Participant: 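Pasting in a structure now, in structure tokens, and then I'll have a few things to ask.
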Amino acid sequence: MATERYNAREVEARWQKTWNDKDVFVTHNDDPRDKYYVLEMFPYPSGRIHMGHVRNYAMGDVVARFKRAKGFNVLHPMGWDAFGMPAENAAMQNKVHPKDWTYENIATMREQLKIMGLSLDWSREFATCDVAYYKQQQALFLKFLEAGLVYRKNAKVNWDPVDMTVLANEQVIDGRGWRSGALVEQRELTQWFFKISDYSEDLLEAIETLDRWPDKVRLMQKNWIGRSEGLRVRFEFIEAAPTGDTTLEIFTTRPDTLYGASFMGLSPDHPISVKLAETNPELKDFIDECRRVGTSEEAIEKAEKKGIDTGLKVKHPLDASIELPVYVANFILMDYGTGAIFACPAHDQRDLDFARKYDLSVKPVVLPKDADPATFEIGDEAYTDDGTIFNSDFMSGMTIADAKNAVADKLEAIKVEDGPQAERQVNYRLRDWGISRQRYWGCPIPVIHCDDCGVVPEKDENLPVQLPDDINFDKPGNPLDRHPTWRDTTCPNCGKPAKRETDTMDTFVDSSWYFARFTAPDCDQPTDPKAATDWLPVDQYIGGIEHAILHLLYSRFFTRAMQKVGALDLKEPFKGLFTQGMVTHETYRRGGDGSNGEWVSPAEIKIEEKNGQRTASMLDSGETVSIGSIEKMSKSKKNTVDPTDIIDTYGADTARWFMLSDSPPERDVIWTEDGVQGAWRFVQRVWRLIGEIAEKTEPRNSSVPAMSQKAEDLRRAAHKTLAAVSNDLEGLGFNRAVARLYELVNTLSKAFNEGLEDQGKEYAVRETVDYLVQMMAPMMPHLAEECWSALGHDSLISEAAWPEADPSLLTEDTVTYPIQINGKRRGELSISKEASKEEVEAATLALDYVQKALDGKSPKKLIVVPQRIVNVVV
RNA sequence: GCGGGCGUGGUGGAACUGGUAGACACAAGGGACUUAAAAUCCCUCGGCCCUAGGCUGUACGGGUUCGAGUCCCGUCGCCCGCACCA
């Protein structure tokens, strides 16, 4: 058998069958052991799995298998994020039903995942488009509605007039719909919203508790929530606005600069602006122009600050003799603060640009350190740094922080008409989550519109509101809208004929609670609160950084909302989060360098190396191909490698091993053919070595025999590796674990080839090889099972307990100190581990090169760091 | 613009809280075996100096320290996030 080549295809299929037959990875909720929930972000069933999935699921599987071996009751489920636009696009392009398309893709991808040998509990699988799942999602929606967490309001949306649908900001490219290419309009639509803003403060504060999340993601969420403290100030109009308002309310974070006020700014969408436009054509045109420019383009940033004087004026709240003009300005957002500002051009760049254009006053009120108040002037750049307040009456001389407090205290005490002039306020950037989508392939929003009763929630017992199957995509827009009968229903309240809501939910809703559903996937409620609370939080969640904000923030909100309605009892769904890097590959295009020819795939070309120069050509025609930059694998650049092809050629273990080696998991990995072959050679090498060992040695009997030095050295290496690899896997340092296993194979191979004569050697070899196989098992489970069996074990390695390193073998009896002279390494000193500091010093000073360096003098300083290093300062 | 991160051989990357820089792998070169190829095995592999050995070296310039890839300041370069948030 030692000469047999390892046949991955045959071996992998065999072990997968065994695992499946024995239900090795099926998890039970009533298992008394400590729980561990490991989850990878579930895939969208786009058609086939890609290398990014392989990397993601390989990592999760290592964690799952490792924790299982460590004795945990591991939950490791898989499902499908199955609603969404690609299914509708496929329906339009290929005349397939979105449902058929989706379930066919799921079937394909499930088989692909299965040949990877993932230790998943497939009995818990579901797709978010399963009626059973979205029924429960509708039930949750109704509970949220009842709890006041859902509401309807008019909102501005990106509207594609050709496809007749709302587009997300990311789907608007250069002001045009990404599919239709039509100019996107801003439309007011009545939309459903989740009140995520109720939790702004909680979501922000709790970020501090997420200590097993990447700092980067935590920071991104903090910035996204965007807390700022400021003051809401009311300015009295000299003459009431046409809306009847007698005061203009603004929000500012810089009330300390109030004496630098030059003008007021209104958003084009501010009610006063809109009212004024009714009688002012010039203003109307301006507002229309502002709306045409999208909301999400960076071009906005470059856009010139523009505005129109409304003719309205307000009184300065601290000095009634000052009158300030009111402008409608294009740079003011309606949905932040109150949609109106006071402008202090001296200390805000946007305000300054505007003031310079319209020749408005610029009065500095913050003096930089060391500047002269008599001569300090503002040029083209606003002064936004720290300083001392001046030109500001009672605030003059104060720090910015003190002035903010002083002015807030003062204005809060002043009464204007029915209330205080100002109030301290905390503002957040986070907006409520608009979930209405004018699409078919999503979870129907379970409400009914009744002429008499208004918006009425569907009754629980009438759920699910099921998607109709008989739809067509001949016309653009939402097929639910024009379905002849589906909309028609009766009002749950009064029983009269009524219409169903035709909007479906944003697919991010589907993925905001699937992790909870996995804990009791067949429950006839959205969750089994006990199971959800017992299993959650997810101990290790793994996925791409692209979900740093939306999915992860929505899920955090959902968990709080589910807690509020009693579906579970915790706030944070994901205790540990890991964001893995992308899989990248070289790109290739037809023609020589710089020719910009069409992209070609790695499978279509061959690469040759001459004199260190790599050149590529087409496999079929020999045509020159230029080698381009390394990019994320994508269909458009054709630099993808199909996981199935790799697994067919080399086996799943090789693909998994390569994915985990070399690059740290959080960083991008470059997929190379050489790299895969290296992994494959390692698989063969391990198999050969273990075959020989199995042939020439006997399994260990229970007691450790007396050890020769060589045997003991091998044992020490094995135990040290075991300790290190355990630590690496605990911290998701897969690349380090891989390196250490390479090292151990090198050590073992050498020791074994030197012969087995030394006392205890056979035992040491067997022990090392057992550990080696166990350490490999989470990463290359099939090879590990095959080796385990070849070594005479009759148990499954997938069910074996993780070995513990013997602490006495982790430390040496002697320490080798590097000896430095003036910080430069000059030699080594081997001495007993127990040696005292004095003994180490004496031994160091006795070394001939130390003597020589000292030249008869005594050292200036002698530093001994126990167990570490010695430094002699001459 | 604001916020954050990174910069180590030909390449991917090791180096725990400051303590022997370059583990491990890939590529390359040389050799063994072979009729040949593949596979496998052995050797070399940051730069400089003639070797023993030494000098130098972690983007660049300074600093702290007995000792800096690691800490601090500045410069350059690359990457990511947010984007008129008052």
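Scope of the values below: all heavy atoms of this structure, side chains included, with no hydrogens, waters or symmetry mates. All of these numbers come straight from a predicted model, not from anything done at the bench. Lettering follows sequence order; numbering is per chain, from 1.
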Participant: Do A/K222 and A/E208 meet the salt-bridge criterion of a basic N to acidic O distance under 4.0 Å?
Facilitator: yes

Participant: Heavy-atom contacts under 4.0 Å between residues 717-733 of chain A and RNA chain B, which residues?
Facilitator: none

Participant: Select one nucleotide: of B/C26, B/C84, B/C82, the one nearest the side-chain heavy atoms of A/R681.
Facilitator: B/C26

Participant: Within this structure, what is the CZ-to-P distance between A/R5 and B/A38, rounded to whole angstrom?
Facilitator: 14 Å

Participant: With a 4.0 Å cut-off on N to O distance, would you call A/R234 and A/E423 a salt bridge?
Facilitator: no

Participant: Distance check, rounded to the nearest 0.5 Å: A/Y742 atom OH versus A/T747 atom OG1?
Facilitator: 14.5 Å

Participant: Do the rings of A/Y6 and A/W687 sit parallel, tilted or perpendicular, given the 30° and 60° boundaries?
Facilitator: tilted

Participant: Relative to each other, are the rings of A/H719 and A/Y771 parallel, tilted or perpendicular (30° and 60° limits)?
Facilitator: perpendicular

Participant: Please determine whether a side-chain nitrogen or oxygen atom of A/R826 lies at a distance below 4.0 Å from atom OP1 or OP2 of B/C55.
Facilitator: yes

Participant: Taking the side chain of A/I869 as heavy atoms from C-beta outward, which of B/C84, B/C24, B/G19 is closest to it?
Facilitator: B/G19

Participant: Which listed nucleotide (B/C26, B/C16, B/C84) is nearest to the side chain of A/R868?
Facilitator: B/C16

Participant: With rounding to whole Å, what would you report as the distance between B/G13 and B/G46 at their C1' atoms?
Facilitator: 15 Å

Participant: Give every pair of a protein N or O atom and an N or O atom of nucleotides 12-14 of chain B that lie under 3.5 Å apart, one pair per line with the distance.
Facilitator:
from: B/G12; atom 1: O2'; to: A/S663; atom 2: OG; distance (Å): 3.1
from: B/G12; atom 1: N2; to: A/D662; atom 2: OD1; distance (Å): 2.7
from: B/A14; atom 1: OP1; to: A/N735; atom 2: ND2; distance (Å): 3.3

Participant: Nearest to the side chain of A/L219, heavy atoms from C-beta on, is which of B/G3, B/A83, B/A23?
Facilitator: B/G3

Participant: Within a strict 4.5 Å, meaning less than it, do heavy atoms of the A/F331 and A/I341 side chains meet?
Facilitator: yes

Participant: Given that A/K824 and A/Y336 both sit by RNA chain B, which one's nearest nucleotide is further toward the 5' end?
Facilitator: A/K824

Participant: Contact between A/P665 and A/L660 at the side-chain level, heavy atoms closer than 4.5 Å - yes or no?
Facilitator: no

Participant: Just grab all the salt bridge (Lys or Arg N to Asp or Glu O under 4.0 Å) pairs involving residues 659-677 of chain A, residues at least two apart or on different chains.
Facilitator: none

Participant: Between A/F263 and A/Y358, does the ring centre distance come in under 6.0 Å?
Facilitator: no

Participant: Taking atom C1' of B/U17 as reference, at what distance in whole Å does atom CD of A/Q867 sit?
Facilitator: 17 Å

Participant: Could you give the distance separating B/G5 and B/G9 at their C1' atoms, to the nearest angstrom?
Facilitator: 24 Å

Participant: Which whole-number value in Å describes the distance from A/L266 CG to B/A86 P?
Facilitator: 18 Å

Participant: Between A/K637 and A/E631, does any NZ, NE, NH1 or NH2 come within less than 4.0 Å of an OD or OE carboxylate oxygen?
Facilitator: yes

Participant: Is B/G54 in the syn range, within 90° of 0, or in the anti range?
Facilitator: anti

Participant: Quick one, A/R740 with A/N727, criterion side-chain hydrogen bond (donor to acceptor under 3.5 Å, both in side chains). Give me CA distance, side-chain angles, the key distance, then yes/no.
Facilitator: CA-CA 12 Å; A/R740 291 190 218 279; A/N727 191 44; over 6 Å; no

Participant: Is the shortest heavy-atom distance from the side chain of A/I196 to the side chain of A/Y554 under 4.5 Å?
Facilitator: yes

Participant: How many whole angstroms separate atom CG of A/L352 from atom C1' of B/A86?
Facilitator: 14 Å

Participant: Which part of the nucleic acid does A/D351 contact within heavy-atom distance under 4.0 Å: base, sugar-phosphate only, or nothing?
Facilitator: nothing

Participant: Is there a side-chain contact between A/I389 and A/V366 in this structure, where contact means two heavy atoms from C-beta onward sitting under 4.5 Å apart?
Facilitator: yes

Participant: Mind calculating the distance between CZ (A/R688) and P (B/U40) to the nearest angstrom?
Facilitator: 6 Å

Participant: Would you kindly give the CZ-to-P distance between A/R227 and B/A86, to the nearest whole Å?
Facilitator: 13 Å

Participant: Kindly express the pairing pattern of RNA chain B in dot-bracket notation, using | wherever a base pairs with another strand and counting only Watson-Crick or G-U pairs under 3.5 Å.
Facilitator: (((((((..(((......[....))).(((((.......))))).((((...))))..(((((..]....))))))))))))....

Participant: Which pairs, protein N/O on one side and nucleotides 78-80 of chain B N/O on the other, fall under 3.5 Å?
Facilitator:
from: B/C80; atom 1: O2'; to: A/K216; atom 2: NZ; distance (Å): 2.9

Participant: If the C1' atom of B/G10 is compared with that of B/U64, how far apart are they to the nearest Å?
Facilitator: 36 Å

Participant: Looking only at atom P, what distance separates B/G47 and B/U58, rounded to whole Å?
Facilitator: 15 Å

Participant: Taking A/E229 first and then A/R424, would you say they form a salt bridge - that is, a charged N and a carboxylate O separated by under 4.0 Å?
Facilitator: no

Participant: Can you tell me the distance, in whole Å, between the NZ atom of A/K404 and the C1' atom of B/A86?
Facilitator: 11 Å

Participant: When all nucleic acid strands are considered with a 4.0 Å heavy-atom cut-off, which category describes A/S661: base, sugar-phosphate, or nothing?
Facilitator: nothing

Participant: Please list each protein N or O that sits under 3.5 Å from an N or O in nucleotides 63-69 of chain B, with the distance.
Facilitator:
from: B/C66; atom 1: OP1; to: A/K861; atom 2: NZ; distance (Å): 3.3
from: B/C66; atom 1: O2'; to: A/N871; atom 2: ND2; distance (Å): 3.1
from: B/C66; atom 1: O2; to: A/N871; atom 2: ND2; distance (Å): 2.6

Participant: Calculate the interatomic distance between A/F734 atom CZ and B/A25 atom C1'; express it in whole Å.
Facilitator: 18 Å

Participant: Salt bridge check: are A/D215 and A/R218 linked by an N-O gap of less than 4.0 Å?
Facilitator: yes

Participant: Would you say the side chains of A/T814 and A/S830 form a donor-acceptor pair under 3.5 Å?
Facilitator: no

Participant: Would you mind telling me which of A/T672, A/I646, A/V738 makes a side-chain contact (heavy atoms from CB on, under 4.5 Å) with A/F658?
Facilitator: A/T672

Participant: Nearest 0.5 angstrom please: A/T310 OG1 to A/I272 CD1, how far?
Facilitator: 8.5 Å

Participant: Base, sugar-phosphate, or nothing: which does A/E828 touch, judged by heavy atoms less than 4.0 Å apart?
Facilitator: base

Participant: Considering only atom P, compute the distance from B/A59 to B/C16 and round it to an integer number of Å.
Facilitator: 16 Å

Participant: Is the phosphate of B/A25 approached by A/Y742 (side-chain N or O, under 4.0 Å from OP1 or OP2)?
Facilitator: no

